[in-house]
Amino acid sequence: MRIALRFLMIASALAVVACAPSYDYDLLIKNGDVVDGSGGPPRRADVAIKGDRIVSVGSVTGRAKQEIDASGKVVSPGFIDVQGQSGVTLLADGNGESHIRQGITTEIIGEGSTPALWTATDNDEVSIKRFNLKFDWTSFDGYLRTLETKGTSINLGSFAPVAMLRQQVIGMVDRLPTPEELSREEGILRRAMQQGSFGFSTALIYPPASYTNTDELVALARVAEEFGGFYISHVRGESFRVKEAIGEAIRIGRETGIPVIIYHLKIGAKANWGHMAEIQALVEDAHKRGIAVNACQYPYTAGGTGLQATLPGWAQEGGREKMLARLADPAQRAKMRHDIEANTEVENLLAGATFDGVQIASVPPDKDQSIVGKRLSQIAAERHKDNWDTLFAVLTENDGRVGALYHMMSEDDVKAAMKFQWVSVGTDSAAIRPDGPLGAGQPHPRAYGTFPRILGKYVREEKVLTLPLAIRKMTALAATQLKIVGRGMLKSGYFADVVVFDPKTVADTATFEKPQQYPVGIDLVIVNGRITVQHGQHTGAHAGRALYGPGYVAK
């Protein structure tokens, strides 16, 4: 009896297996208008996904575990953020809400800092404490593995910044390295390249990077070039000296053969507006000479960085405590004002934006939040104080930890740069969210709206770009600039990073006054084959992966 019952159970199980449906795909996105990243026109097609890969694009036959009807929607590759800043915030919250919800599936960090180069004595203690992070990696790729293991919704890679190389070797000192110190910097960079860095990065208006000269940068760029890496730069000036600064980047490319990418291409200060065509000529002349030069851009007329960046480089030498000590000295403040007014620095954000254009974005959580969102001139008027005294007071009162927005660019220049075939897209922001510790302050709206702003304002409404060209900039161009293999296109064999959006409604809703708002019109975001955003909501999926640069040597 027992034997018969056992045979009956086995037969029933085999019957269930025999009747179980057989699927060709895990996901099938049907009836969408596919814009594949190549720059070609939209075409009605299906996209089939199995595991983490796209297996077919076109008229797809076969069955899928899950089918999604994309009728009336655009299906595109996942967006690539060439200039992200989410190295810390993705450790704090792997969802990456403000980025993934705008369609960003891949992000490359490392302009001025990266957790990948943290050491026991050189790390971001404030963020570690604020977000209760566990810092236990000891190598560049150790950070990338930690992030992937902890869980992230976004693929992430990193550059190695000169600021951190210098900080670890000679600190915040305004001098050139000795030959021995330069050799140590090169050694740190060489290890970073072998451990997955995409290349060598500079943010040349900020100490200690601003203390470098071109020869030091050329020597380090040669190290990155040995491993097939890139030189990516926030150039030494973006307003009064922008052409000379871009010229320095081109020179580094010419002398080393390394491909060059210029961060957030712009022209600051009203006196300099209208010269974007000259920058175009400068870059495209370099192309004719065989120098690989590209750029990225965010679609806003304001930048964002720390308020201390208004001060001369000498005032910031030695770090924050020494800067605060100088700010406490009336004679030193007078010298700071003189140098800013004389426009002697490589960059002059205050001259570019004026006191009316500098908007406070954040102060430490235990400080006076009433100034957040206000312009310096407004704060000065409310306090019945001089503008200069207010600038120095705001820095002093907040221990030098003040975020600021700088309204200093023109809409015409933004549109002109957007049309250049060699300009991709970068948010220059961290992935955040409106609530909790990541929701503090009044950040730049680019954290929430960069990519949908281009699709809504500059494609649909103002027709600055066609949809295929905009998508190319957001995807395949960025992947090509950074040699990211298998991403940036809707193509068989590529990783299944996909965005589905409504071209009639996609738009940013974040503003400078109310920045903590998600975009609209982005219905579906898929990362490595996993649905991560659906109906505009995060699903909790953490399918993002660590991305390694061209010199990576797997252990």
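Basis for what follows: all heavy atoms, side chains included, without hydrogens, waters or symmetry-related copies.
In this structure, the side chains of Ser153 and Thr105 stay at 4.5 Å or more apart for every pair of heavy atoms. Looking at Pro443 and Gln516, their side chains come closer than 4.5 Å, going by heavy atoms from C-beta outward. Counting only heavy atoms from C-beta outward, the side chains of Val75 and Ile29 approach each other to under 4.5 Å. Looking at Ile484 and Ile108, their side chains come closer than 4.5 Å, going by heavy atoms from C-beta outward. With contacts defined as side-chain heavy-atom distances shorter than 4.5 Å, the pair Phe198/Leu547 qualifies. Lys374 has its side chain out of reach of Ile360: every pair of non-hydrogen atoms, C-beta onward, lies at least 4.5 Å apart. Counting only heavy atoms from C-beta outward, the side chains of Phe355 and Leu350 approach each other to under 4.5 Å.
Both cation-pi conditions hold for Arg453 and Tyr300: the charged atom is under 6.0 angstrom from the six-membered ring centre and inside a 45 degree cone around its axis. Annotation: cation-pi pair Arg101/Tyr448 absent, no NZ/CZ under 6.0 Å from the ring centroid and within 45° of its normal.
Residues His538 and Thr532 have side chains that never bring a donor and an acceptor to within less than 3.5 angstrom of each other. No side-chain N or O of Thr539 forms a donor-acceptor pair with one of Gln534 less than 3.5 Å apart. Side chains of His234 and Ser201: no donor on one and acceptor on the other come within 3.5 Å. For the residue pair Glu107/Ser86, the side-chain donor-acceptor check at 3.5 Å is satisfied. Inspection of the Thr119 and Asp122 side chains reveals no N or O donor paired with an N or O acceptor under 3.5 Å. No side-chain donor from either of Gln316 and Gln308 sits under 3.5 Å from a side-chain acceptor of the other. Ser158 and Tyr143 share no donor-acceptor pair across their side chains, judged by distance under 3.5 Å alone. A donor and an acceptor atom, one from each side chain of Ser410 and Asp412, are nowhere located under 3.5 Å apart. Judged by distance alone, the side chains of Glu347 and Ser239 do bring a donor and an acceptor atom under 3.5 Å apart.
Here Phe512 and His407 bring their ring centres to under 6.0 angstrom of each other.
The backbone N or O of Glu411 lies less than 3.5 Å from no partner atom in the side chain of Thr301, so there is not a single donor-acceptor pair. Of the possible donor and acceptor atoms, none in the side chain of Ser197 sits under 3.5 Å from a partner among the backbone N and O of Ala192. Under a 3.5 Å cut-off, the side chain of Gln481 and the backbone N or O of Cys296 do not form any donor-acceptor pair. Remark: the backbone N or O of Pro452 is not paired with any side-chain donor or acceptor of Gln102 at under 3.5 angstrom. Distance alone, capped at 3.5 Å, places no donor-acceptor pair between the Thr114 side chain and the Leu117 backbone. In this structure, the side chain of Thr310 engages the main chain of Leu307 through a donor-acceptor pair within 3.5 Å. Side chain of His444 to main chain of Ala302: a donor-acceptor pair is present (N/O by atom type, distance under 3.5 Å, no hydrogens or angles). In this structure a side-chain-to-backbone donor-acceptor pair under 3.5 Å is present from Arg130 to Pro437. Checked by atom type and distance alone, the side chain of Asn398 never pairs as donor or acceptor with a backbone atom of Gly400 at under 3.5 Å. A donor-acceptor contact shorter than 3.5 Å links the side chain of Lys473 to the backbone of Met418.
A distance of 10.5 Å separates CG of Leu455 from OG1 of Thr505, quoted to the nearest 0.5 Å. To the nearest 0.5 angstrom, Ile454 atom CD1 is 12.5 Å from Tyr298 atom OH.
Between Asp399 and Arg401 there is no salt bridge, since no side-chain nitrogen of the basic residue lies less than 4.0 Å from a carboxylate oxygen of the acidic one. Salt-bridge check for Lys266 with Glu238: passed, with a basic side-chain N closer than 4.0 Å to an acidic carboxylate O. A salt bridge links Asp93 with Arg433: the distance from a Lys NZ or Arg NE/NH1/NH2 to an Asp or Glu carboxylate oxygen falls below 4.0 Å. Between Lys457 and Glu462 there is a salt bridge, with a side-chain nitrogen of the basic residue lying less than 4.0 Å from a carboxylate oxygen of the acidic one. Note on Lys491 versus Asp36: no salt bridge recorded, every NZ/NE/NH1/NH2 to OD/OE distance being 4.0 Å or above. A salt bridge between Asp52 and Arg530 is absent, with no side-chain N of the basic residue lying under 4.0 Å from a carboxylate O of the acidic one. We find that Asp428 and Arg446 are joined by a salt bridge, their nearest charged nitrogen and carboxylate oxygen being less than 4.0 Å apart. Here Asp26 pairs with Lys65 in a salt bridge; the nearest charged N to carboxylate O distance falls below 4.0 Å.
Across all non-hydrogen atoms, the minimal contact from Ala510 to Gln517 is CB-O, 3.6 Å. Looking at every heavy atom in both residues, Asn528 comes nearest to Asp497 through N-OD1, 2.8 Å. Here the closest non-hydrogen pair linking Glu148 and Ala546 is OE1-N, 2.7 Å. Minimum heavy-atom separation, Thr509 to Tyr518: OG1-O, 2.6 Å.
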Q: May I have the step-by-step check of salt bridge (Lys or Arg N to Asp or Glu O under 4.0 Å) for Asp33 and Arg43, ending in yes or no?
A: CA-CA 5 Å; Asp33 293 322; Arg43 59 190 175 104; over 6 Å; no

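Around the NZ atom of Lys150, the shell of radius 6.0 Å holds more than 12 heavy atoms that belong to other residues, nucleotides or ligands.
Ring geometry, Trp118 versus Phe135: the interplanar angle exceeds 60°, so the pair is classed perpendicular (tilted spans 30 to 60°).
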